[in-house]
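Have a look at the structure below before the remarks.
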Amino acid sequence: MHFPGKDQSVKIAPGSADAFDDCLIRNTGPWISRQTNKIIILNSDQDIVEQVYAHICKNYDSPLKINELANQFGVSRSSLFTRFKERCGKTTKQFILIVKIDKAKQMLDETADSVSEIAQEIGFGDYFTFKKATGLSPTEWRKRNH
């Protein structure tokens, strides 16, 4: 899966974000979520979920706070949560983490940057988040994949 944004090389590993495939559908009119089987009516060419999705992909390296995203896109926190969960099968917070983890994996595989440089560039506060998500520390990930 390829994400739009400032770094066109951001890719999500196959299988890690399958629930987000549906977020890429650009369509107006009725849409049926594969996760919930609910009919969702898109209210514009680019609905709120798609706008937030693109914003997260473009700004993964910035602090992304759910309340600020909701305010920026003119919806309540609970509305953003509900829309994102129904549309993508994941919460906004989970999606932010998926994007950051996959970018970290990509950088660990493709650059010689230190783990701390990568963590700083992506905006991770600690290494435990990476290990909890992948089962490996960033250093172990790099060694395993080289």
Side-chain angles (χ1 to χ4, degrees), residues 1-27 30-111 113 115-142 144-145:
M1 178 186 305
H2 183 75
F3 286 3
K6 65 180 155 200
D7 180 352
Q8 291 298 318
S9 64
V10 176
K11 295 178 184 169
I12 296 296
S16 67
D18 290 338
F20 296 98
D21 289 344
D22 292 332
C23 291
L24 293 176
I25 296 171
R26 308 260 184 236
N27 186 347
W31 176 82
I32 300 175
S33 168
R34 282 189 285 193
Q35 286 73 35
T36 63
N37 290 324
K38 292 181 181 177
I39 295 176
I40 299 170
I41 305 297
L42 301 182
N43 54 15
S44 70
D45 288 333
Q46 186 179 30
D47 75 350
I48 297 297
V49 172
E50 290 180 9
Q51 292 175 44
V52 172
Y53 177 93
H55 180 81
I56 292 169
C57 293
K58 184 176 180 185
N59 297 289
Y60 65 87
D61 57 348
S62 301
L64 295 166
K65 304 209 181 302
I66 308 303
N67 285 338
E68 291 173 9
L69 286 170
N71 288 337
Q72 182 176 346
F73 291 95
V75 295
S76 70
R77 179 184 173 101
S78 62
S79 176
L80 179 60
F81 176 90
T82 300
R83 289 178 187 200
F84 218 90
K85 182 81 172 171
E86 285 179 352
R87 182 84 185 272
C88 301
K90 301 280 184 192
T91 67
T92 314
K93 185 175 180 178
Q94 289 169 327
F95 181 64
I96 291 169
L97 182 61
I98 288 169
V99 171
K100 287 180 179 270
I101 293 291
D102 283 343
K103 182 59 180 175
K105 289 176 186 177
Q106 179 186 357
M107 292 178 73
L108 288 165
D109 291 344
E110 297 175 3
T111 73
D113 295 349
V115 170
S116 59
E117 288 172 327
I118 292 170
Q120 184 175 8
E121 183 173 333
I122 293 173
F124 273 124
D126 61 59
Y127 304 120
F128 300 110
T129 305
F130 186 92
K131 185 166 185 163
K132 184 177 179 183
T134 65
L136 299 170
S137 72
T139 303
E140 292 168 335
W141 178 271
R142 181 173 267 165
R144 183 176 140 219
N145 293 300

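For this chain, numbers begin at 1 and follow the sequence in order. Any value given below was found using the heavy atoms of this structure, including those in side chains, with hydrogens, waters and symmetry copies removed.
Under the side-chain contact (heavy atoms from CB on, under 4.5 Å) criterion, Q120 pairs with no residue at all, not counting sequence neighbours. Contacts of N71 classified as side chain to side chain donor-acceptor pair (under 3.5 Å), with partners at least two apart in sequence or in another chain: none. The ring-ring contact (aromatic ring centres under 6.0 Å, His included) test applied to F81 returns no partner, not counting sequence neighbours. For the side chain to side chain donor-acceptor pair (under 3.5 Å) test, residues two or more places apart in sequence or in another chain that qualify with S137 are E140. Listed by chain and residue number, nothing satisfies the side chain to side chain donor-acceptor pair (under 3.5 Å) test with T111 (two or more places apart in sequence, or in another chain). Scored by the side chain to side chain donor-acceptor pair (under 3.5 Å) test, T82 finds no partners at all (sequence neighbours excluded). A search for side-chain contact (heavy atoms from CB on, under 4.5 Å) contacts involving K65 returns E68, not counting sequence neighbours. For the side-chain contact (heavy atoms from CB on, under 4.5 Å) test, residues two or more places apart in sequence or in another chain that qualify with L97 are I101, F124, T129.
From N67, atom CG reaches atom OG of S76 across 10.0 Å, with rounding to the nearest 0.5 Å. Distance SG/C57 to CD1/I96: 10.0 Å, rounded to 0.5 Å. Once rounded to the nearest 0.5 Å, the distance linking OG1 of T139 with CZ of R144 reads 14.0 Å. Atom-to-atom distance recorded for W141:CH2 and L108:CG is 8.5 Å, nearest 0.5 angstrom.
For the pair M107/D113, a side-chain contact is recorded, criterion being any heavy-atom separation below 4.5 Å from C-beta on. Between L64 and H55 there is a side-chain heavy-atom pair separated by less than 4.5 Å. For the pair V49/L80, no side-chain contact is recorded, criterion being any heavy-atom separation below 4.5 Å from C-beta on.
Note on R83 versus D47: no salt bridge recorded, every NZ/NE/NH1/NH2 to OD/OE distance being 4.0 Å or above.
Although no hydrogens or angles enter the test, the distance criterion places a donor-acceptor pair under 3.5 Å between the side chain of K100 and the main chain of Y60.
Residue I118 is tested with R142, K105, K103 for a side chain to side chain contact (heavy atoms under 4.5 Å, CB included); the sole match is R142.
Heavy atoms only, all atoms of each residue included: P138 and V115 are closest at CB-CG1, 3.5 Å.
Below 30°, between 30° and 60°, or above 60°: for F95 and Y53 the angle between ring planes is below 30°, a parallel geometry.
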